[in-house]
Protein chains: 2
Amino acid sequence: MSGRDPAVDQEAPTRDRLIATAIRLFGERGIEATSMRALTDAAGANIASVNYHFRSKEGLLRAGIDRAMRALNDERRRRLDELEAAPEPPSVADLVRVFVEPGLALASPRGQSAAVARFIGRVLSEPSPRIRETVAEQLYPVDARFLAALGRALPDRDEGGIKFVYASMVGLLGVWQSGALDQLNRAPGQRVTPGTTTADAERVIAFITAGILAGSR
Amino acid sequence: MSGRDPAVDQEAPTRDRLIATAIRLFGERGIEATSMRALTDAAGANIASVNYHFRSKEGLLRAGIDRAMRALNDERRRRLDELEAAPEPPSVADLVRVFVEPGLALASPRGQSAAVARFIGRVLSEPSPRIRETVAEQLYPVDARFLAALGRALPDRDEGGIKFVYASMVGLLGVWQSGALDQLNRAPGQRVTPGTTTADAERVIAFITAGILAGSR
DNA sequence: GTCTATACGAAGATAGAC
DNA sequence: GTCTATCTTCGTATAGAC
């Protein structure tokens with residue numbers, strides 16, 4: 001494992017190169033499977049730079065979560081603002097679309113979108129309580145707004161019911177983002193199908209919308 | 001970390017004690033977070049016994065997946081047999097129930113059910129290709145039967161559509177089994193709510209059933 | 001303020017004695 | 001089958017150069 005990652009801007013400061021490389025490699029290979037030596041090598045940085053800038057591998061991971069999820073959640077908030085500026089209140093289908101689309105069609109300046117999406121999907125399924133805490137902190141401002149909007153769109157549900165359907169949406173989106181199901185239903189040894197395409201977005205939105213609406217009619 | 005796990009039968013052979021302890025500790029603490037030294041200590045075995053019986057930590061994990069998922073999938077197949085013995089063909093709701101209920105209400109002789117469910121949820125979100133392969137092998141015989149049954153219940157869908165809804169069901173169940181969403185929507189610092197209860201099973205079934213049926217009407 | 005060379009303890013894996 | 005000793009690689013810490 002030697003040589004730099006050509007997708008990383010070598011002119012950027014070390015700190016930024018480390019975060020960009022972390023999102024890419026954690027997304028592509030997995031977090032545990034990526035050693036700090038391979039990561040700093042790909043970023044063109046010294047092994048000790050991680051400790052200097054982030055204190056630990058987990059600190060670098062948190063910085064990656066911050067960067068990747070902040071952009072995503074800013075976009076979600078922006079689109080929710082638009083939706084709520086309209087005269088009629090948003091439907092459940094509208095809310096699901098606004099939450100899911102930015103996740104499935106991540107726009108990234110350096111074309112890292114697939115790796116970023118996988119990174120977020122992986123982070124959402126991390127068992128470590130500290131990572132979960134970081135994710136929850138990033139998601140909390142968005143959580144609050146979507147839960148309120150869902151509550152208005154589904155006045156017959158209690159708080160537990162709203163939280164349940166919101167968590168199901170977040171979880172299912174994370175599953176698709178992580179590509180965890182790409183290997184499902186293959187005969188043993190058969191090769192893996194590509195991954196979620198943007199064409200699948202409509203199916204994901206339809207599935208989640210119907211799931212949320214279940215029981216209201 | 002010293003002392004044996006009281007829940008593990010000390011009379012059982014070393015190999016079985018290791019598998020039982022692995023399912024329990026991997027489920028409770030996470031796979032990466034469980035060291036082989038701590039695991040063998042809890043199982044009352046020597047550190048080298050893992051290498052002898054399973055060649056590696058991953059080999060032990062695979063044995064745990066085999067044991068935990070085989071019981072689950074046997075139960076699914078048994079209930080699917082019952083369903084298909086009836087005169088009228090099973091509905092989508094029936095199929096979802098048969099697949100989801102054994103996952104959410106795992107019956108275990110030693111009351112390890114919660115740990116087993118979390119173990120399976122974690123395994124389903126493992127990024128390692130070799131673990132995914134093992135899971136896919138275990139799931140494949142069940143996959144084939146459920147996909148066929150879903151195809152019969154939804155004659156208007158093509159193969160891709162059937163695979164999509166099946167994968168969504170597997171993924172969403174895994175999310176709930178892993179408890180990954182317990183921490184969602186808490187103010188930062190707030191304590192974590194318990195976990196999925198059996199009472200939630202009906203909501204999960206309703207959500208998935210509606211999601212699968214979306215687009216057929 | 002940044003970055004590098006180097007060292008330390010713990011992890012998983014393994015060889016060979018018993 | 002089981003155990004001790006040992007190997008490599010991991011994440012992390014520190015001293016000091018620029």
Neighbour count above 12 (heavy atom, 6.0 Å) for A:Arg55 CZ: no
Whether A:Arg122 side chain and A:Phe26 backbone form a donor-acceptor pair below 3.5 Å: yes
Any B:Thr14 side-chain N or O less than 4.0 Å from OP1/OP2 of D:dG1: no
Audit row: A:Arg62, A:Thr134, side chain to side chain donor-acceptor pair (under 3.5 Å) steps and yes/no: CA-CA 7 Å; A:Arg62 287 162 172 262; A:Thr134 303; 3.1 Å; yes
Charged N-O contact under 4.0 Å between A:Arg77 and A:Glu82: no
Atom-to-atom span, CZ of A:Phe54 to P of D:dG11 - whole angstrom: 15 Å
A:Phe164-B:Trp176 aromatic ring centre distance below 6.0 Å: yes
Short N-O contact, A:Arg79 and A:Glu101, less than 4.0 angstrom: yes
Short side-chain N/O contact from A:His53 to OP1 or OP2 of C:dG1, under 4.0 Å: no
Separation of atom CG in A:Asp16 from atom P in C:dC3, rounded to whole Å: 11 Å
Contact pattern, 5' to 3', of nucleotides 6-18 of chain C - B, S or - by protein heavy atom under 4.0 Å: B----BBBB----
Distance, rounded to the nearest Å, where A:Arg62 contributes CZ and D:dG11 contributes P: 17 Å
